[in-house]
Amino acid sequence: MSTPLLTGRRLFKAHGSTPALRGASVELHPGEILAVTGASGSGKSTLLHCLAGIVRPDEGTVEYAGERLDEASEARLGELRRTEFGVVFQFGQLIPELTAVDNVALPLLLAGTPRQAARERAIAWLERFGVRGQEALRPGEMSGGQAQRVSLARALVTGPKVVFADEPTGALDSLSGEQVMTALTHTAREAATAVLLITHDAQVAAYADREVTLRDGVLAAEAAEVAR
Amino acid sequence: MSTRHVLLGLLAAGPSHGYDLKRRHDEQFPQARPLAYGQVYTTLQRLVRDGLAEVEGTDSEGGPERTLYRSTDAGAHELTRWAGEVMPPAPFVTNEIFAKVVVSILASGDPAAYLTAQRAAHMARMRELTAVKTAPGTDLATALSADYALNHLDADLRWMTTTAARLTTLTAEVDSA
Ligand SMILES: Nc1ncnc2c1ncn2[C@@H]1O[C@H](COP(=O)(O)OP(=O)(O)O)[C@@H](O)[C@H]1O
Ligand SMILES: [Mg+2]
């Protein structure tokens, strides 16, 4: 096996007095699509937030390409999120006032790409995800499946090394979900982008290369080892 | 469904005779066809022949004489092997998965470990089907048949997930039955 690209080791995180992670460890390899499954409340979203540097764990380490994210400055985490990481959530990450093309171009503009080049690349990504023709629509004017494919284009447009997807099809019907998952996994495999895919749906997890299951804030496999 | 393993599972609780085994089988598997007494009898004969069960003695309290059977060590071993053996993840395997879990509980086996292993086998098959279904240029018939199999495997998995979560309660119920 290759050296992991992203590693969380013995992560603990509580929200107030509620423990969400209780010693979870996980490795994501370069280009790997990893499904994280588990019951609701088992800590999946908290794990994703810790691994993506969105929240800091209370204990444990997060290492991305040799760099400790749990100790990194806010400025450095912000930079990683703009350049190396992409995120897709169930809904809500598109800016309602911006058109589809401006939403997708935004991460490029923030990274300093000139306006015209950013728009052209954004249009190419929209086309690739089958939402060409919708570029002038705002998120409220699109279907859930279209909006989610625009979100994917936005997550992938900067050519990230890792995409973090939290229930990306949670609000979609099965065929829209299939289009979103096919677009995500085919693009990620072509570009060798690693994906951390959170889902409670086995049919969505089946798009991944591998599955780990969280139970009460630890991986089920780790819990079984402790019990043994 | 494997009648011999179900009978071995029922014998794991202690010696029993044919009629009692039939009654407990029919209670434990209400969705299954009731066992014919003749089938119970021939299955017990074969278990004895194969060294998986043996005659414990006879019991004739008031009524006709009835032969009591008990499981042997080889029988207990074979039961553990079968209960942990992963099924080929084809659609419509649910009855056998269900039987393995119930029998595992009866025989104080490890249903949780079996469910984890079976989930891995189901997920591996679902990955293959998903790759086929979403490959560029897949024809409609292939996509439809992959969808059909995926939804049935998913139904198994949802039942298995619920069962894993319920196991503590289920074990208590089967024990007190
Ligand atoms: N912001 C928060 N404030 C308080 N509790 C939270 C918060 N976020 C999550 N939790 C709790 O932490 C646990 C894990 O939540 P989460 O990581 O969202 O799980 P999942 O994504 O698997 O549903 C749950 O018990 C949840 O209620
Ligand atoms: Mg969540």
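Order of the sequence lines fixes the chain letters, A, B, ..., with proteins taken first and strands second; residue numbering starts at 1 for each chain. Atom set for the values below is all heavy atoms of this structure, side chains included, hydrogens, waters and symmetry mates excluded.
- Using a 4.5 Å cut-off between heavy atoms, B:D147 touches chain A through its side chain atoms alone.
- Per-residue counts of heavy-atom pairs under 4.5 Å with chain A were compared for B:T116, B:D154, B:L129; the largest is that of B:D154.
- Both the backbone and the side chain of B:L150 come within contact range of chain A, each with at least one heavy atom under 4.5 Å from a heavy atom of that chain.
- Contact of A:D201 with chain B is made through the side chain alone, with heavy-atom distances under 4.5 Å.
- A:Q93 and A:N103 share no donor-acceptor pair across their side chains, judged by distance under 3.5 Å alone.
- Proximity to chain B (any heavy atom under 4.5 Å) is shown, for A:A35, by neither the backbone nor the side chain.
- In the model, A:H186 has no side-chain atom that pairs as donor or acceptor with a side-chain atom of A:E190 under 3.5 Å.
- Using the six-membered ring where Trp is involved, B:H5 and B:W82 have ring planes that are parallel, under 30° apart on the 30 and 60° scheme.
- Proximity to chain A (any heavy atom under 4.5 Å) is shown, for B:R158, by neither the backbone nor the side chain.
- With hydrogens and angles left out, the side-chain atoms of B:E85 and B:Y114 include no donor and acceptor closer than 3.5 Å.
- B:T134 and A:T182 share no donor-acceptor pair across their side chains, judged by distance under 3.5 Å alone.
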